[in-house]
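Take a look at the structure set out below.
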Protein chains: 2
Amino acid sequence: MNVMNESPRRKELTRLAAQLFVQEGFDRTTVRMLAQEMGIKSGSLFHHFKDKQEILAAVIEEGTQNALAIARQSLKRCGSDPEARLRAMARAHLETLFADRNAHVVALFEWRRLDPAASAHLSHLRDAYEALWVDVIDAALNAGLIHGDRFLVSRFVLGALNWTVRWYDPNGSRTPDDLADELVGMIMAR
Amino acid sequence: MNVMNESPRRKELTRLAAQLFVQEGFDRTTVRMLAQEMGIKSGSLFHHFKDKQEILAAVIEEGTQNALAIARQSLKRCGSDPEARLRAMARAHLETLFADRNAHVVALFEWRRLDPAASAHLSHLRDAYEALWVDVIDAALNAGLIHGDRFLVSRFVLGALNWTVRWYDPNGSRTPDDLADELVGMIMAR
DNA sequence: GTCTATAATTCGATAGAC
DNA sequence: GTCTATCGAATTATAGAC
């Protein structure tokens with residue numbers, strides 16, 4: 001359904017919406033704020049999206065799809081070394097949170113605001129991304145690089161990465177890559 | 001100001017508000033929903049709290065104060081062994097998230113909804129709690145138990161713990177204490 | 001301390017002209 | 001595809017009786 005309606009215009013509006021959703025949160029972002037950011041009046045918004053929910057769904061789909069694509073791309077580039085792959089996943093995750101920015105943050109922090117239908121429709125995307133993580137973690141476990149339960153380790157690592165949104169200052173002295181490397185270093189047994 | 005107004009009634013209302021804030025989020029929780037949960041009409045709410053913001057501030061103060069108290073208590077009980085202290089902090093954190101429940105979750109996930117005045121007034125509480133964490137992490141680092149930068153490790157660990165709210169099922173087979181032990185095990189160098 | 005009643009505002013969404 | 005104009009519902013908060 002959404003695949004048919006991916007005009008460049010809609011893509012641009014989705015990008016602007018993501019920015020506001022991160023700044024204000026979905027609930028506090030009004031359609032009037034969205035319209036103003038897009039340079040149109042609030043009534044015109046509903047020509048592109050049937051309602052506010054559909055904007056959120058578009059942003060979250062975009063953010064998750066993008067995270068999935070970048071992660072796969074990074075994994076392809078880095079060969080088969082378990083440590084390199086783990087590091088690549090962590091870097092890719094933070095890249096989508098802080099460089100590409102916004103859409104993936106919305107996907108992580110506003111997922112609960114999706115109505116049940118949209119959530120069901122998009123859950124396979126999120127599951128695919130998390131499966132990628134579990135695979136990489138699993139390989140690192142088998143290589144004796146880290147230790148623990150694969151599901152718990154995946155969720156702890158993702159939690160640690162996701163929460164950086166709440167405290168990391170991109171204008172500080174550390175790069176997102178620094179953070180990723182530090183996190184990987186923290187869980188590696190030496 | 002709030003210190004003067006800690007009637008048992010207000011405490012009970014704050015507890016009920018915390019529950020709704022976790023279920024629905026602060027923005028989507030209306031004063032009518034709050035009033036109904038408390039068994040009164042919406043107008044009566046403003047006899048106890050000057051506005052909706054003050055309810056949020058009360059919940060967050062309660063949640064952070066409680067987390068701080070439980071953490072200190074746990075640390076007192078567990079002696080001076082760095083590993084035991086680290087484990088105690090992780091367990092205490094998850095205990096306030098899942099057993100005591102609600103108020104600490106609101107403090108962590110809805111902090112940004114505080115107005116600047118309330119945020120400034122409460123930040124010393126949050127800082128005190130995080131300082132407790134940095135101290136325990138620092139001791140574990142010095143003991144060679146874990147490795148990394150003390151601030152980054154603290155934030156990664158807290159992020160991993162906080163994010164459990166989004167996926168942990170208290171009715172599942174694992175206890176919160178299991179999670180805490182697994183997380184500590186994950187970062188310990190052996 | 002709780003009620004009823006309502007003020008004042010803001011929200012999401014629609015209709016129809018251009 | 002955007003505009004103007006506006007509807008209807010929902011929201012926070014207040015006023016005054018009991």
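All values below were derived from every heavy atom in this structure, side-chain atoms included, with hydrogens, water molecules and symmetry-related copies excluded. Not measured: the values here are computed from a predicted model.
Between B:T14 and B:I55 the shortest side-chain heavy-atom distance does not fall below 4.5 Å. Within the 4.5 Å cutoff, side-chain heavy atoms of B:K11 are placed close to those of B:E62. The closest side-chain heavy-atom distance from A:N102 to A:F21 is not below 4.5 Å.
One atom, NZ of A:K50, and another, C1' of C:dG12, lie 13 Å apart when rounded to the nearest Å. In this structure, CD of B:E54 is placed 11 Å from P of D:dT14, rounded to the nearest angstrom. Between the CZ atom of B:F46 and the P atom of D:dA13 there is a distance of 5 Å, given to the nearest Å. Atom CG of A:L45 and atom P of C:dT14 are 12 Å apart (whole Å). In this structure, B:L34 places its CG atom 11 Å from P of D:dA13, rounding to the nearest Å. Rounded to an integer number of Å, the gap from A:F49 CZ to C:dT14 C1' is 18 Å. In this structure, the CG atom of A:D27 is 10 Å from the P atom of C:dG12, given to the nearest Å. Here D:dA10 presents its P atom at 14 Å from CZ of B:R28, a figure rounded to the nearest Å.
For A:I40 and A:R32, each mapped to the nucleotide of DNA chain D holding its nearest heavy atom, the one lying further toward the 5' end belongs to A:I40. Where B:M33 and A:G39 each meet DNA chain D at their nearest nucleotide, the meeting point lying more 5' is that of A:G39. Comparing B:L13 and B:S42 by the nucleotide of DNA chain C whose heavy atom lies nearest to each, the residue mapping closer to the 5' end is B:L13.
Proximity of B:H47 to the phosphate of C:dG1: a side-chain N or O atom is located under 4.0 Å from OP1 or OP2. In terms of phosphate contacts, A:S44 brings a side-chain nitrogen or oxygen within less than 4.0 Å of OP1 or OP2 of D:dC3. Distances shown here put a side-chain N or O of A:K52 below 4.0 Å from the OP1 or OP2 atom of C:dG12.
For a distance-only test at 3.5 Å, the side chain of A:R9 fails to qualify as a donor-acceptor partner of the base of D:dG1.
No side-chain donor from either of B:H104 and B:Y129 sits under 3.5 Å from a side-chain acceptor of the other.
Within the 3.5 Å criterion, the main-chain N or O of A:H93 finds a donor-acceptor partner in the side chain of A:T96.
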